[in-house]
Amino acid sequence: AAACGTPEPGGLRPDHVLAVLAALAPFEVVGADLVELAPGLSLDPAASERSIETACRYVRASLDLLASSSG
């Protein structure tokens, strides 16, 4: 993520993170976390926007997972 203070070179790609969240659907998930989105750290406005959009997708997928686990 361009808008992150501590990027992880070679880390998970966004589609992999979403696949992991989807794979957790059969389990009871009781918490989720998204850490350190800092759009102001990127010198590239387009990269910051992509980071924000990615974070929104992660949060939405996490909330959907939590909602399905509670019902």
Exercise for the section: Kindly compute the distance separating OG (Ser42) from CZ (Arg50), expressed to the nearest 0.5 Å. Expected result: 8.0 Å
Handout entry: Closest non-hydrogen atom pair between Ala32 and Leu66, with its separation
Key = CB-CD1, 4.1 Å
Exercise for the section: Quick one: pull up NE2 in His16 and CG in Leu21 and give me the separation to the nearest 0.5 Å. Expected result: 13.0 Å
Exercise for the section: State whether the number of non-hydrogen atoms from other residues, nucleotides or ligands found under 6.0 Å of Glu49 atom CD is greater than 12. Expected result: no
Exercise for the section: For residues Leu18 and Tyr58, report the shortest heavy-atom separation together with the two atoms involved. Expected result: CD2-CD2, 3.9 Å
Fill in the blank from the handout: Closest non-hydrogen contact found for Ser48 with Pro39 is OG-O, 2.8 Å
Practice task
Calculate, to the nearest 0.5 Å, the distance between atoms CD and OG belonging to Glu28 and Ser68 respectively.
Solution key: 10.0 Å
Exercise for the section: Is it possible for you to say whether Phe27 and Val30 belong to one hydrophobic cluster, with membership spreading through side-chain heavy-atom contacts below 4.5 Å? Expected result: no
Practice task
Not counting sequence neighbours, list each pair that qualifies as a salt bridge (Lys or Arg N to Asp or Glu O under 4.0 Å) and has a residue in residues 29-42.
Solution key: none
Exercise for the section: Might you point out which heavy atoms bring Ala25 and Leu65 nearest each other, and give the distance in Å? Expected result: CA-CD1, 3.5 Å
Practice task
Could you list the residues that satisfy side-chain hydrogen bond (donor to acceptor under 3.5 Å, both in side chains) with Asp44, not counting sequence neighbours?
Solution key: none
